[in-house]
Amino acid sequence: MISALFENIDHVMIEVAMAVIPLLIFFLVFQFFFLKLDKSKLKNIFIGLIFTFVGLVLFLQGVEVGFFPAGEAIGELLGERDNTIILLPFLGFLFGLVATFAEPAIRILNYEVEKVTSGSISKNVMLITLSLGVGVSIALSMIRIVIGFPLWWLLIPGYALAILLLFISKDRFISIAFDAGGVATGPMTVTFIMAIAVGVASVTEGRDPLMDGFGMIALVALTPILSVLILGLIYKQKERLDND
């Protein structure tokens with residue numbers, strides 16, 4: 001069993017090395033010509049690079065041997081149940097909440113937002129807002145798989161609403177919103193939740209995993225934008241009431 005966990009890890013190490021080495025080369029060029037950092041800082045940077053390399057290898061190997069198979073198995077099990085039109089959206093919403101709370105990039109974004117705004121936008125408010133947005137997107141994706149309507153039925157109205165909210169939401173939330181859309185599509189969502197969606201589509205009659213299982217990430221990128229822009233409207237209304 002232990003050998004199965006590390007199967008094909010050499011290929012993963014090569015892929016990670018091909019991603020990290022160009023960044024290392026760029027850094028060394030800047031270090032030689034411009035930065036000229038001292039030895040202690042260089043030591044810390046290289047130790048960090050080693051940790052990054054090992055972490056990426058272990059994460060990607062875990063995705064291959066654990067996250068993807070587990071997600072697909074869960075999706076297939078849920079897709080074979082009765083009352084999927086009720087069960088799958090509810091569970092999809094819960095999956096979205098849990099995945100967002102566990103998403104490292106979202107926590108970094110929330111921390112930076114709280115720091116830059118001097119605490120006026122707290123990281124907990126941002127976390128709840130993004131979690132609700134991602135939860136809604138996963139629930140809508142599950143409904144789309146069960147019913148079988150086209151993805152653009154959700155994307156076009158959603159982005160039209162996002163463009164409308166740009167003109168009425170609070171300015172400081174606009175940039176945060178579009179960054180949040182990219183951050184929400186992180187490793188937890190892509191590796192685990194997408195595998196569940198593909199698993200559900202593969203056992204649902206009349207559905208194609210390629211056509212119906214994918215597209216969920218597009219919704220995950222959309223709904224945090226909407227949720228943060230709506231949060232901006234709430235803050236804008238709150239400031240208006242305070243001034244009155």
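Throughout, residue positions are numbered sequentially from 1 according to the sequence presented. Here the structure is a predicted model, which is why all the values come from computation and not from measurement.
- Looking at every heavy atom in both residues, Trp152 comes nearest to Pro157 through O-CD, 3.6 Å.
- The closest side-chain heavy-atom distance from Leu151 to Met211 is not below 4.5 Å.
- Other residues, nucleotides and ligands contribute at most 12 non-hydrogen atoms within 6.0 Å of the CZ atom of Phe90.
- Chaining together hydrophobic side chains whose heavy atoms lie under 4.5 Å apart leaves Phe26 on its own.
- Around atom NZ of Lys39, no more than 12 heavy atoms belonging to other residues, nucleotides or ligands sit under 6.0 Å away.
- For the atom pair OG (Ser137) and CE (Met142), the distance works out to 10.0 Å, reported to the nearest 0.5 Å.
- Contact of the Leu219 side chain with the Val136 side chain is not registered, since no non-hydrogen atoms from C-beta on lie closer than 4.5 Å.
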**Request:** Begin with the C-alpha distance, continue with both residues' side-chain angles, and end with the deciding distance and a verdict on side-chain contact (heavy atoms from CB on, under 4.5 Å) for Leu78 and Thr84.
**Result:** CA-CA 8 Å; Leu78 294 176; Thr84 53; over 6 Å; no
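- Arg81 places no side-chain N or O within donor-acceptor distance of the main-chain N or O of Leu87, the cut-off being under 3.5 Å.
- For the pair Met126 and Val228, the minimum side-chain heavy-atom distance is below 4.5 Å.
- Counting only residues at least two apart or on different chains, the side-chain hydrogen bond (donor to acceptor under 3.5 Å, both in side chains) pairs with a member in residues 120-132 are Ser120-Arg172.
- Connection of Leu37 to Phe32 is established within a shared hydrophobic cluster, with ILVMFWY side chains joined at heavy-atom distances below 4.5 Å, either directly or through further cluster members.
- Remark: the backbone N or O of Gly182 is paired with a side-chain donor or acceptor of Thr185 at under 3.5 angstrom.
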**Request:** Show your reasoning for whether side-chain contact (heavy atoms from CB on, under 4.5 Å) applies to Val146 and Thr204.
**Result:** CA-CA 7 Å; Val146 174; Thr204 302; 5.8 Å; no
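- If you chain together hydrophobic residues whose side chains sit under 4.5 Å apart, Val134 and Tyr111 never meet in one group.
- The two residues Ile106 and Ala184 have their closest heavy-atom pair at CD1-CA, 3.9 Å.
- Ile168 places a side-chain heavy atom less than 4.5 Å from the side chain of Leu165.
- Summarising the geometry of Ala180 relative to Leu130, their closest heavy-atom pair is CB-CD2, 3.5 Å, with the distance given to 0.1 Å.
- In plain terms, the two heavy atoms of Pro209 and Ser202 that are nearest each other are CG-CA, 3.6 Å.
- Here Ser169 contributes atom OG and Ile176 contributes atom CD1; the two are 9.5 Å apart, rounded to the nearest 0.5 Å.
- Considering Leu94, Ile193, Thr223, Leu97 as possible partners of Ile138, the one that fulfils the side chain to side chain contact (heavy atoms under 4.5 Å, CB included) test is Ile193.
- Both Met216 and Leu91 are assigned to one and the same hydrophobic cluster, defined by single-linkage of ILVMFWY side chains at heavy-atom distances under 4.5 Å.
- Counting heavy atoms of neighbouring residues, nucleotides and ligands inside a 6.0 Å radius, atom CZ of Phe149 exceeds 12 of them.
- Looking at Leu49 and Phe27, their side chains never come closer than 4.5 Å, going by heavy atoms from C-beta outward.
- In this structure, Gln61 contributes its side chain and Val12 its backbone to no donor-acceptor pair below 3.5 Å.
- No side-chain heavy atom of Val54 sits under 4.5 Å from any side-chain heavy atom of Phe59.
- More than 12 non-hydrogen atoms from other residues, nucleotides or ligands lie less than 6.0 angstrom from CZ of Phe46.
- Under the 4.5 Å side-chain heavy-atom criterion for ILVMFWY residues, a single connected hydrophobic cluster contains both Phe33 and Leu35.
- Residues Gln237 and Leu233 are not in side-chain contact: their nearest non-hydrogen atoms beyond the backbone lie 4.5 Å or more apart.
- Here the shortest heavy-atom pairing between Phe173 and Leu229 reads O-CD2, 4.2 Å.
- The pair Lys115-Glu112 meets the salt-bridge criterion, since a charged nitrogen lies less than 4.0 angstrom from a carboxylate oxygen.
- A distance of 13.0 Å separates CZ of Phe95 from OG1 of Thr100, quoted to the nearest 0.5 Å.
- Using a 4.5 Å heavy-atom threshold, the side chains of Leu132 and Ser227 count as separate.
- By the ring-ring contact (aromatic ring centres under 6.0 Å, His included) test, Phe67 pairs with Phe192, sequence neighbours left out.
- The heavy-atom pair separating Leu154 from Leu222 by the smallest distance is O-CD2, 4.1 Å.
- When atom types are taken as modelled, the side chain of Arg207 and the backbone of Ile147 share a donor-acceptor pair closer than 3.5 angstrom.
- Hydrophobic clustering keeps Val183 apart from Val98 (ILVMFWY residues linked when any side-chain heavy atoms are closer than 4.5 Å, directly or through intermediates).
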